[in-house]
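Chain letters run A, B, ... following the sequence lines, proteins first and then strands; every chain starts at 1.
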Number of protein chains: 2
Amino acid sequence: MLIAYLNTLKNKNIFLCSQSKPRRNLLEQLGLQLNIYPSSFEEDLDKSLYKDPKDYVKDTCQGKVNDVLKKFQQENINWDIAIFCDTIIVLNDKIIEKPENEQQAADFLRTFKNNTQYVHTACFVLFNDKQNNKVIERHVIDTCKVIFGDIPEECIIAYSKTDHFKGKCGGYGIQDVGASFIEKIEGQHSTVIGLPVYSLCKILVDNIKELNWQ
Amino acid sequence: MLIAYLNTLKNKNIFLCSQSKPRRNLLEQLGLQLNIYPSSFEEDLDKSLYKDPKDYVKDTCQGKVNDVLKKFQQENINWDIAIFCDTIIVLNDKIIEKPENEQQAADFLRTFKNNTQYVHTACFVLFNDKQNNKVIERHVIDTCKVIFGDIPEECIIAYSKTDHFKGKCGGYGIQDVGASFIEKIEGQHSTVIGLPVYSLCKILVDNIKELNWQ
């Protein structure tokens, strides 16, 4: 989708405000050249205050946006596009994020197997409209349904003893060995990786046209 | 899934009988060490003889199996597991394979946009049961539903002028810029890449146990 606009985007300062390697890979595969500028937002909102987990993931992502925008101003950073994401899993009405240790990674997989989970990824895209001296904010909360198959206990134990679970929401990556646990998905597989590529490209193309960027 | 059996598999000669780089990547991400041994089967079966496209993709894959098994014998190759795949797309009851040129790649995308296609991947796995002097054949034909979004004409033109379409069924890869065209899938995303990882792992684990390989 972006391929017709890569020349335009080459002249823009694009910031990915995340330290996730898989997110970076997704964007680089699209042909984007990125600056990496993770937010230092704490990600500690009180889950009990949220009835709808999509509001929780949206507010966490909005927290990252606010944090980085402030720093962009303070540090006088020259930016054109900034991309922010946050990903959570919802299983049996409970929000699941990164496992803290081997034990929790194994427990997660035991609750995932033969079960259906929902991965929600919030993606905010900010455009710096320098001509009109304003910031345009667009966002999407995309959901992918993920259906796990059966996972033998010996595989859960062996998996949790590796590094594969570390730093990943739910402790698995659909883009690596995690694919072997997943019987079926319904949605964008990139949403499970942490950045809904189709939704993001739509936002980028629509707004590049609207801003009349050449 | 395979993670508990990687030590067993390290002592086995595993052959991927395909020259597809994305298929190889999927298997290597699982931790498998592979020998690459593509078949030279012509892939020219008469489509008009098939009512169900799944039979067509199955027979093409079976053709690859027969070709390679004969060569394994002729060349006296020491093998334990051999993996074969074939992928087709079905759109409006028509079988679609690799685009032949830029023009066809663009035409494919024009028929794909705002439309639903079915990707069928046949995967045959052969186990060499040396103890009982027999070959065990297992297979699966997995289907993934792929729903394309709208694609602006300027993006179709720009895309077809790149190398991205070359050598790919339908002329796109869900694992690269092709992801930006796809609004939603239902199934295994690895089936769209050309090798259903979940299904394959299930076959491997079940048969390693049955063969009592250590």
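- Inspection of non-hydrogen atoms places B:Ile151, B:Pro152, B:Glu154, B:Cys155, B:Ala158, B:Tyr159, B:Thr162, B:His164 of residues 151-164 of chain B under 4.5 Å from chain A.
- The pair A:Glu97-A:Lys47 meets the salt-bridge criterion, with a side-chain N (NZ, NE, NH1 or NH2) lying under 4.0 Å from an Asp/Glu carboxylate O.
- Residue B:Trp79 is tested with B:Phe72, B:Phe15, B:Tyr37 for a ring-ring contact (aromatic ring centres under 6.0 Å, His included); the sole match is B:Phe72.
- In this structure, A:Thr143 contributes its side chain and A:His120 its backbone to no donor-acceptor pair below 3.5 Å.
- Each of B:Leu200, B:Asp142, B:Ile185, B:Asp176 has some count of heavy-atom pairs under 4.5 Å with chain A, and the biggest count is that of B:Ile185.
- Shown here is A:Lys98, whose NZ atom has no more than 12 heavy atoms of other residues, nucleotides or ligands within 6.0 Å.
- In summary, A:Lys130 and A:Asp80 engage in a salt bridge, as defined by a charged side-chain N under 4.0 Å from a carboxylate O.
- A salt bridge does not link A:Glu183 to B:Lys202: none of the charged nitrogens lies less than 4.0 Å from a carboxylate oxygen.
- By the neighbour-count criterion of 12 heavy atoms within 6.0 Å, atom NZ of A:Lys58 is sparsely surrounded, having that number or fewer from other residues, nucleotides or ligands.
- With respect to the salt-bridge test (charged N to carboxylate O, under 4.0 angstrom), the residues A:Lys145 and B:Glu186 do not qualify.
- Contacts of B:Ile174 with chain A are made by both backbone and side-chain atoms, with heavy-atom separations under 4.5 Å.
- Between A:Phe181 and A:Phe148, the two ring planes are parallel [angle under 30°; tilted spans 30° to 60°].
- At a threshold of 4.0 Å, the pair B:Asp107-B:Arg110 counts as salt-bridged, since one of the basic side-chain nitrogens sits closer than that to a carboxylate oxygen.
- Distance alone, capped at 3.5 Å, places no donor-acceptor pair between the B:Glu137 side chain and the B:Phe124 backbone.
- At a heavy-atom separation below 4.5 angstrom, chain A is approached by B:Lys209 within residues 203-211 of chain B.
- For chain B, the nearby parts of A:Leu30 are the backbone and the side chain; heavy atoms of each come within less than 4.5 Å.
- Residue B:Asn25 does not touch chain A at all, counting heavy-atom pairs closer than 4.5 Å.
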